[in-house]
Number of protein chains: 2
Amino acid sequence: MRTDYCGNINASFVGQTVTLCGWVNRRRDLGGVIFLDLRDREGIVQVVYDPDLEDVFATANKVRNEYCVQLTGLVRARPEGQINKDMSTGEIEILGKELTILNKSAPLPLDFNQENSEEQRLKYRYLDLRRPIMSERLKFRAKVTGAVRRYLEDNGFLDIETPMLTKATPEGARDYLVPSRTHKGRFFALPQSPQLFKQLLMMSGMDRYYQIVKCFRDEDLRADRQPEFTQIDIETTFLDADGVMAITEDMIRGLFNDLLNVDLGDFPRMTYAEAMRLYGSDKPDLRNPLVFTDVAAIVKDVDFKVFSGPANDPKGRAVTICVPGGAELSRKQIDDYGKFVGIYGAKGLAWMKVNDIDAGLDGLQSPILKFLNEDVAKALLEVTNAKNGDILLFGADSYSVVTESMGALRLKLGEDLNLLQGEWKPLWVVDFPMFEEVDGEMYALHHPFTSPRDLTPEQLAADPANAISNAYDMVLNGCELGGGSVRIHDQQMQQTVFNILGIDEEEARSKFGFLLDALQYGTPPHAGLAFGLDRMVMLMTGATSIRDVMAFPKTTTAACPLTDAPGIASAEQLQELAIASTVTDEQDNA
Amino acid sequence: MRTDYCGNINASFVGQTVTLCGWVNRRRDLGGVIFLDLRDREGIVQVVYDPDLEDVFATANKVRNEYCVQLTGLVRARPEGQINKDMSTGEIEILGKELTILNKSAPLPLDFNQENSEEQRLKYRYLDLRRPIMSERLKFRAKVTGAVRRYLEDNGFLDIETPMLTKATPEGARDYLVPSRTHKGRFFALPQSPQLFKQLLMMSGMDRYYQIVKCFRDEDLRADRQPEFTQIDIETTFLDADGVMAITEDMIRGLFNDLLNVDLGDFPRMTYAEAMRLYGSDKPDLRNPLVFTDVAAIVKDVDFKVFSGPANDPKGRAVTICVPGGAELSRKQIDDYGKFVGIYGAKGLAWMKVNDIDAGLDGLQSPILKFLNEDVAKALLEVTNAKNGDILLFGADSYSVVTESMGALRLKLGEDLNLLQGEWKPLWVVDFPMFEEVDGEMYALHHPFTSPRDLTPEQLAADPANAISNAYDMVLNGCELGGGSVRIHDQQMQQTVFNILGIDEEEARSKFGFLLDALQYGTPPHAGLAFGLDRMVMLMTGATSIRDVMAFPKTTTAACPLTDAPGIASAEQLQELAIASTVTDEQDNA
């Protein structure tokens, strides 16, 4: 039906007759001549209808925006003054000779010339995706998956599908359940990840596995979460952590090189401890030059309980962030930052402006100056390397409150004050703790199949709180692109981890019996990693939400305004599945 | 941890030292020398341990079958008499120098040297997949998907993901439901296909779409069905049926060429009517030379109601199959075939052996000979082109009983009598009816979005029973590889089809309102096709079940013996989802 895509017509086509199909992006009537901008997936081209060609002009006259048409015409150079350098087709136009209306269009419920509400955009997603910025994102996403597949297949990874209807797995989020009709009273779970299946594939000798796969979490949604999301899931045998990091780093570097013409260079590595110490985050944004400075040793004896309390508490923390040029912040701005850290539990935000570094206490301005003697102030200036015009912002509280609140403040200051340097800053974060303790119970920081680093089962059992895991996260610009670990391949080690996590033998058998069984039969050393595809594409395209890089996302209440899903199930369907709705008035919740 | 895969070591490596990782496929102790066959994904290689190398020999002595090991050794040519031409590594062996046991193995619960029950194979799938035949199938499957993706991406198709949590769609099978927690009392459905989403993507101008995607049907399972299966899903704008057939035929031809070195040639096309007439099937196996011959005109006046009744009934059918050499069938064999057609509702199987074609009625042998005069007999022999030693088998009953029973008999005879000719026989079946009438109600033969061929909405409404659709199925060796159609892109036509199917306006709006809406806004002409990946790989690998080409299939009761899915849900989970199980004693059904 066509000879070319609209967006591909350029000066090399001049003199040729082409046939195109697409949508009328805009129709103009200028001085008795009709101009149609015809749009397809690859771009927009200008077509001109001359009143001298009466039949085709009459058809062009009937055409409206978003009509779907097929047209044939002669490509010619645009007159000198009408060349549009911003369009790939801007040097030419097409003199329309034939025109067929394939389908009419009612006026669109979305106005492409203004911002539409997200609800409207999702309800009319098929129209929203006509916007070039949206189709470019989906095209870019397809390029990413294509490049990732090629890389992995060239490196011996096999694309193997794992089940969607499966058993609850231990990623820790809420499962989506699927009632079984043939085993009434029982439920499948949709996978939060293919973790156990990919480990089983390594046990089966499949050697290297990958899958670009949907995963599911029934969580309360935040801006960057969706009930179904896509993972680039990777697992390999006979490679250690360095091996997995090398190959996946190479893949991502290649992706940025090929698709964005960006050289990410070698990714630095940073321990979890270092990341928390300097940035209060396990996914630090290294574009942001602000760092924490721990000041407990300096302020532990000051006559200011807000500082000295946490500074002397083994579970407390006292840090400062020196903000270059921050002395210009107004009282109101500082107050607002105080409220901001309050969201994370901080009780306030102490500050100290550096007006004249050589003037002692007189050169400083701070509500807490009265609590600080000259030595303390001098030590603070020295340790932060502060300069005139800077401000020190302080956090002193429990370790977790300080880390979270000042970590968030660091990011906010970076954005507000335009401090970010460089476009892309990747790194690996390594040496995570195996466990975190919450209210006396141990939780796996990654998942319970993560191997500890250089520990026997006995050593691990003896001091789990200080055990370091063989896990690694790839971080880019403050986002976790992916994470993985060397897995446990030893039955005794797996049992030890279950014990530490308080998973008793009965629970372990009922949940992971097949894994414990499988560990008996020559399980190879194996390791892997999973990338979040949606977030990766979001970062690479500069989109601000993962919804903008998915064709048909859900709203933040996990609904689809387009199809009106979730929908009503019939009484017969529920009966067959041996379930009943406990909602008394369905309409209340619809 | 290794320098090469086991299966890649050949004569070109002689003299080199290699390091390999894998599993001990077999350990033998021959005359004080230990032979290990080491297996990895790529094959098996023989490693020899000499007792002179005491340390490594002692380790080799401890190794048992299925231990996972890492070893280093010197590749050397095998002695002349020990060369094994059947193995890719059969010209060499490795003199073992170092050996590390990475993991021990208990004796396997599966014996690889014998047939294991499918239940056992699925329970220990991670071991079953260690069998080279199984890993080869999964490797082949990955090659198929890789080749399909490359072909489609090279032809401008974009890989776009569609939702898994969606709304009930009209494929006609039972949906898997997923209760919504945030919209209590409502349910998502897992997609039976991405049909509506891919049509919406065409409406959005994405031009060419593909996806290799999981689909779900909660049906009672047969040998070749699974609750979740994988489709190669394709849709394109601005191509007609011929265009879609050309591109997908080219893809499949390339696949067979590249992966099996088979040239499928050009696919013949056959109308649905012709396929039903000659083979009693809309997916005829053309390797089977047997054909139906309609004989109603010949037998309509015989004094044998079994024949003349259906022959004179507009809804009846009378056919014969002439089986070359079939006169040798014993009475018992013929009786068994009579029972076989009984499964499909036939009341018996009339037959006529051709002993001497020149001897008139005396040269024929048949229980119904007394009802046939010489002219009728002669006409039957002529129309079937029967030869001495053949048998004619008759079916006379309603159209559907004859077509189904004789169609099944044709296939069975082909298998039993080794009649199949040629290895691969593809074809397109086209010109399907739009609808089939069952008990006075019209059903869509494909689905309700299929376009009729060369009809206006008014013409379609006037005579739906005789409308031909613009649908096409790709058939290979009697299996439907894939099917598709030109879709309706006109709102009035879509409404007409809904009307014919008895879908009233309220139902149409509640189920497909978004589609009807979308059809208003310049919907382009579009068409597509979906292949069943599992079945395609099954055919190409010669496997006899799609379960053998899936890593982790379910049993015929839709359960997973490996993970014990579906599993029990907790009371808290069900409460959060606002559902209750109506099973009174869960154990009864577990």
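No hydrogens, no waters, no symmetry mates; every other heavy atom, side chains included, goes into these values. Residue numbers start from 1 in every chain, and the chains themselves are labelled A, B, ... in the order their sequence lines are given, proteins ahead of strands.
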Counting only non-hydrogen atoms closer than 4.5 Å, does B:C560 touch chain A with its backbone (N, CA, C, O), its side chain (CB onward), both, or neither? neither
Under a 4.5 Å cut-off applied to non-hydrogen side-chain atoms, are A:K167 and B:D564 in contact? yes
I'd like to know which of B:A559, B:P524, B:A565, B:P163 tops the heavy-atom pair count under 4.5 Å against chain A. B:P163
Which atoms of B:S135 approach chain A - backbone, side chain, both or neither, heavy atom under 4.5 Å: both
In terms of heavy-atom pairs under 4.5 Å, which option from B:V213, B:L515, B:V69, B:D159 contacts chain A the most? B:D159
With a 4.5 angstrom heavy-atom cut-off, is it the side chain or the backbone of A:Q573 that approaches chain B, or both, or neither? side chain
Heavy-atom distances under 4.5 Å only: say whether A:R2 touches chain B with side chain, backbone, both or neither. side chain
Donor-acceptor under 3.5 Å (B:W23 side chain, A:G522 main chain): yes
For chain A, the option from B:S180, B:A569, B:G205, B:C21 that forms the most heavy-atom pairs under 4.5 Å: B:C21
What part of A:L20 lies closer than 4.5 angstrom to a heavy atom of chain B: side chain, backbone, both or neither? neither
Against chain A, label B:R141 side chain, backbone, both or neither, depending on which of its atoms sit under 4.5 Å from a heavy atom there. side chain
Interchain contact, A:R208 with chain B, by part (heavy-atom threshold 4.5 Å): both
For B:M550, is it the side chain, the backbone, both, or neither that has a heavy atom closer than 4.5 Å to a heavy atom of chain A? neither
Residue from B:E153, B:K554, B:R64 scoring the most non-hydrogen pairs under 4.5 Å with chain A is B:K554
One should read off an interatomic distance between B:H183 NE2 and A:T557 OG1, to the nearest 0.5 angstrom, of 3.0 Å
Pick one of side chain, backbone, both or neither for B:E576, based on which atoms fall under 4.5 Å of a heavy atom in chain A. side chain
Check step by step if side-chain contact (heavy atoms from CB on, under 4.5 Å) holds for A:L196 and B:T563. CA-CA 10 Å; A:L196 293 177; B:T563 59; over 6 Å; no
Checking heavy atoms, do the side chain of B:K143, its backbone, both or neither come under 4.5 Å from chain A? neither
Which of A:T230, A:L239, A:I212, A:V24 touches chain B most, by non-hydrogen pairs under 4.5 Å: A:T230
Which heavy atom of B:R186 sits nearest a heavy atom of A:P566, and at what distance? NH1-O, 2.8 Å
So for B:P553, is it side chain, backbone, both, or neither that comes closer than 4.5 Å to the heavy atoms of chain A? neither
Heavy-atom distances under 4.5 Å only: say whether A:L574 touches chain B with side chain, backbone, both or neither. side chain
Rounded to the nearest 0.5 Å, how far does OG1 of A:T237 lie from CG of B:D40? 8.5 Å
Of the backbone (N, CA, C, O) and the side chain (C-beta and beyond), which part of A:K214 lies under 4.5 Å from a heavy atom of chain B, both, or neither? side chain
Does any backbone or side-chain atom of B:E219 lie under 4.5 Å from a heavy atom of chain A? Answer side chain, backbone, both or neither. backbone
So which of A:K104, A:E66, A:R149 has the biggest tally of heavy-atom pairs under 4.5 Å with chain B? A:R149
With no hydrogens and no angle check, is any side-chain donor or acceptor of B:R41 less than 3.5 Å from a backbone partner on A:M206? yes
Check: B:H489 and A:C68 side chains under 4.5 Å, non-hydrogen atoms: no
Contact summary for A:F514 and B:L562, nearest pair of heavy atoms: CB-O, 3.3 Å
Interatomic distance, A:M203 atom CE to B:S105 atom OG [nearest 0.5 angstrom]: 11.5 Å
Rounded to the nearest 0.5 Å, the CD atom of A:Q520 sits from the CG atom of B:N103 at a distance of 10.5 Å
Tell me, side chain or backbone of B:R174 under 4.5 Å from chain A's heavy atoms, or both, or neither? side chain
Does the distance from a Lys or Arg side-chain N to an Asp or Glu carboxylate O, for A:R181 and B:D175, drop under 4.0 Å? no
Look at B:A518, B:A142, B:G22 and state which one has the largest set of heavy-atom pairs under 4.5 Å with chain A. B:A518
If I compare all heavy atoms of B:Y176 with all of A:P179, which pair ends up nearest, and what's the gap? CD2-O, 4.4 Å
Heavy-atom distance under 4.5 Å to chain B: side chain of A:Q199, backbone, both or neither? neither
Could you tell me which residues satisfy ring-ring contact (aromatic ring centres under 6.0 Å, His included) with A:Y5, sequence neighbours excluded, listed by chain and number? none
Would A:Y126 and B:D517 satisfy side-chain contact (heavy atoms from CB on, under 4.5 Å), going step by step from the backbone distance to the final call? CA-CA 10 Å; A:Y126 48 92; B:D517 285 346; 3.7 Å; yes
With chain A, the option among B:L177, B:D128, B:I160, B:L138 that has the most non-hydrogen atom pairs under 4.5 Å is B:L177
Backbone N or O of A:L201 within a donor-acceptor pair of the B:R125 side chain at under 3.5 Å? no
Below 4.5 Å, heavy-atom pairs only: which of A:I101, A:T523, A:T145, A:L577 has the largest tally toward chain B? A:T523
Determine the option with the most heavy-atom pairs under 4.5 angstrom with chain B, choosing from A:S510, A:P227, A:G156, A:G146. A:G156
Between OG on residue A:S204 and CE on residue B:M134, distance to nearest 0.5 Å: 9.5 Å
Can you list the residues that meet the ring-ring contact (aromatic ring centres under 6.0 Å, His included) rule with B:F552, with sequence neighbours excluded? A:F197
So, taking the atom named OG1 in A:T162 and the one named CD in B:E228, what distance separates them when rounded to the nearest 0.5 Å? 8.5 Å
Is A:Q575 atom CD crowded by more than 12 heavy atoms from other residues, nucleotides or ligands, each under 6.0 Å away? no
Tell me, with the steps shown, if A:L190 and B:L190 meet side-chain contact (heavy atoms from CB on, under 4.5 Å). CA-CA 10 Å; A:L190 298 178; B:L190 299 179; 4.2 Å; yes
Taking A:K184 for the side chain and B:T582 for the main chain, is one N or O donor matched with an acceptor at less than 3.5 Å? no
